[in-house]
There are 2 protein chains.
Amino acid sequence: MRPLFHPALEDIKPEAILYALSDPERVAIYAKLAGASGGGTCSALADLGDRVIPKSSLSNHFKVLRESGLIRSERQGVEMRNQTRCTELDERFPGLIRAILTAYGQLPGQPKTD
Amino acid sequence: MRPLFHPALEDIKPEAILYALSDPERVAIYAKLAGASGGGTCSALADLGDRVIPKSSLSNHFKVLRESGLIRSERQGVEMRNQTRCTELDERFPGLIRAILTAYGQLPGQPKTD
DNA sequence: TCAATAGTTCCGAATTTCTGAACTATGGAA
DNA sequence: TTCCATAGTTCAGAAATTCGGAACTATTGA
């Protein structure tokens, strides 16, 4: 398995962030991750309620989120811990992530409006 | 030619906005439009400096921007006037467009950082 | 060493994007 | 009215991307 790639903060591109978050499934995953305290595993986030995302699609979603710079993944034993890079990101693109999650009505603790 | 479709404000979806603005060419077009006073025509926005966008691609870019709710297009004689819907949009998704343009370093009047 | 679990990679099918060529709509000139 | 020029749209095939099942890899525990 090739090592996971994470872009350096200064290499993160707005187009990659927007592309990654232009898919509601990825937004749902990211929002859960932003809410979760422990660092979510892939399989813990596969269930969207109305549909269960296939493993390979899920793996790809995480790859897109990771390579865009939105999350950091690291292996912990048999599973993968994923966490958002939102503090860093807010430094590079102030207000961006919050505005996006607000638009989706997915800010942690916020009632869904869509 | 079929009539141009514009979504009602309440039908505008964040995923469509993010998708439309995940393409740097479309961002460049949108940013020019946000800066232009008159309402830009397609051909006036085709020249990106490093490349001239083909007519059909340009037409498609405008379609994506229009159907996502970012711009409004209306025929004025032989040409098309395009204008942003940013005031409306800011009402629906507060701060979103500004945060995105800031991330791209493309806010009107702002020096490019990327 | 073997089995179980978590996730990645591969690869073919389906979908989407891109763009040259043909077409449509409008306005002005003859 | 007819013809031409201009601005943009639509069509269609090629290229690129996405999706997801099946096979594979890595790690842990028995």
Side-chain angles (χ1 to χ4, degrees), chain A residues 1-6 13 15-30 32-33 36 38-48 50-68 70-83, chain B residues 1-6 13 15-30 32-33 36 38-48 50-68 70-83:
Chain A
M1 203 175 303
R2 54 189 82 127
L4 304 178
F5 172 74
H6 294 90
K13 299 271 187 292
E15 53 266 43
I17 299 290
L18 291 230
Y19 174 73
L21 296 181
S22 70
D23 179 330
E25 264 181 13
R26 278 193 294 264
V27 174
I29 292 170
Y30 182 79
K32 275 197 203 174
L33 218 46
T41 64
C42 293
S43 50
L45 298 165
D47 188 350
L48 255 43
D50 51 348
R51 123 179 168 106
V52 174
I53 307 176
K55 252 160 53 129
S56 57
S57 304
L58 199 58
S59 180
N60 188 57
H61 282 328
F62 275 95
K63 186 183 183 198
V64 171
L65 290 170
R66 187 168 54 240
E67 300 195 342
S68 72
L70 279 161
I71 68 172
R72 204 178 277 288
S73 316
E74 101 191 85
R75 182 175 272 269
Q76 202 122 78
V78 74
E79 58 190 23
M80 215 73 168
R81 321 259 37 172
N82 295 286
Q83 50 188 305
Chain B
M1 202 175 306
R2 54 189 81 127
L4 304 177
F5 171 73
H6 294 89
K13 299 273 186 292
E15 54 266 42
I17 299 291
L18 291 231
Y19 174 73
L21 296 180
S22 70
D23 179 329
E25 264 181 14
R26 278 193 295 263
V27 174
I29 292 170
Y30 182 79
K32 275 198 203 174
L33 217 47
T41 62
C42 292
S43 50
L45 299 165
D47 188 350
L48 254 43
D50 51 347
R51 123 179 169 107
V52 175
I53 307 176
K55 250 158 58 128
S56 57
S57 304
L58 199 59
S59 180
N60 188 56
H61 281 328
F62 276 94
K63 185 182 183 200
V64 172
L65 290 170
R66 186 168 56 239
E67 300 195 343
S68 73
L70 279 162
I71 67 171
R72 204 178 278 288
S73 315
E74 100 191 86
R75 181 175 272 269
Q76 201 122 81
V78 74
E79 58 191 24
M80 214 72 168
R81 321 258 39 170
N82 295 286
Q83 50 187 304

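Fair warning: this is a prediction, and the values are worked out from it, not measured in the lab.
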Inset, instruction - Describe the nucleic acid contact of R26(A) in one word from base, sugar-phosphate, nothing, applying a heavy-atom distance below 4.0 Å. - result: nothing

Inset, instruction - Look up atom CD in E15(B) and atom OG in S68(B), then write down how far apart they are to the nearest 0.5 Å. - result: 11.0 Å

Quiz: residues 21-28 of chain B side-chain donor-acceptor pairs under 3.5 angstrom, not counting sequence neighbours:
unit_1 : atom_1 : unit_2 : atom_2 : d
S22(B) : OG     : Y19(B) : O      : 2.7
D23(B) : OD1    : E25(B) : N      : 2.7
E25(B) : OE1    : R51(B) : NH2    : 3.3
E25(B) : OE1    : H61(B) : NE2    : 2.9
E25(B) : OE2    : R51(B) : NE     : 2.6
E25(B) : OE2    : R51(B) : NH2    : 2.8
R26(B) : NE     : A20(B) : O      : 2.8
R26(B) : NH1    : H61(B) : ND1    : 3.4

Inset, instruction - Applying side chain to side chain contact (heavy atoms under 4.5 Å, CB included), name anything that partners K55(B), two or more places apart in sequence or on another chain. - result: none

Inset, instruction - Round to the nearest Å and state the distance from K63(A) atom NZ to dG20(D) atom P. - result: 16 Å

Legend entry - F62(A) to T41(A) - nearest heavy-atom pair and separation: CZ-O, 4.5 Å

Check residues 70-80 of chain A and write down every donor-acceptor pair under 3.5 Å in which the side-chain atom is one partner and the other belongs to a residue at least two apart or another chain.
unit_1 : atom_1 : unit_2 : atom_2 : d
R72(A) : NH2    : E88(A) : OE1    : 3.2
S73(A) : OG     : R66(A) : NH1    : 3.2
S73(A) : OG     : N82(A) : OD1    : 2.7
R75(A) : NH1    : G77(A) : O      : 3.2

Legend entry - Overall bend - the helix from dT1(C)-dA30(D) to dA30(C)-dT1(D), comparing terminal axes fitted on five pairs, nearest 10 degrees: 0°

Legend entry - Pairing residues for S57(B) by the side chain to side chain contact (heavy atoms under 4.5 Å, CB included) criterion, not counting sequence neighbours: I53(B), P54(B)

Inset, instruction - Kindly state which residues belonging to residues 15-23 of chain B come within less than 4.0 angstrom of DNA chain D, counting heavy atoms of the residue only, listed by number. - result: none

Inset, instruction - Measure the distance from CD on Q76(B) to C1' on dG27(C) and round it to the nearest whole Å. - result: 14 Å

Inset, instruction - Quick one: list whatever passes side chain to side chain donor-acceptor pair (under 3.5 Å) with E67(B), sequence neighbours left out. - result: none

Legend entry - Separation of dT8(C) C1' from I53(A) CD1 (nearest whole Å): 16 Å

Legend entry - Where protein sits on nucleotides 3-9 of chain D, one letter per nucleotide: B base, S sugar-phosphate only, - none, heavy atoms under 4.0 Å: ---BSBB

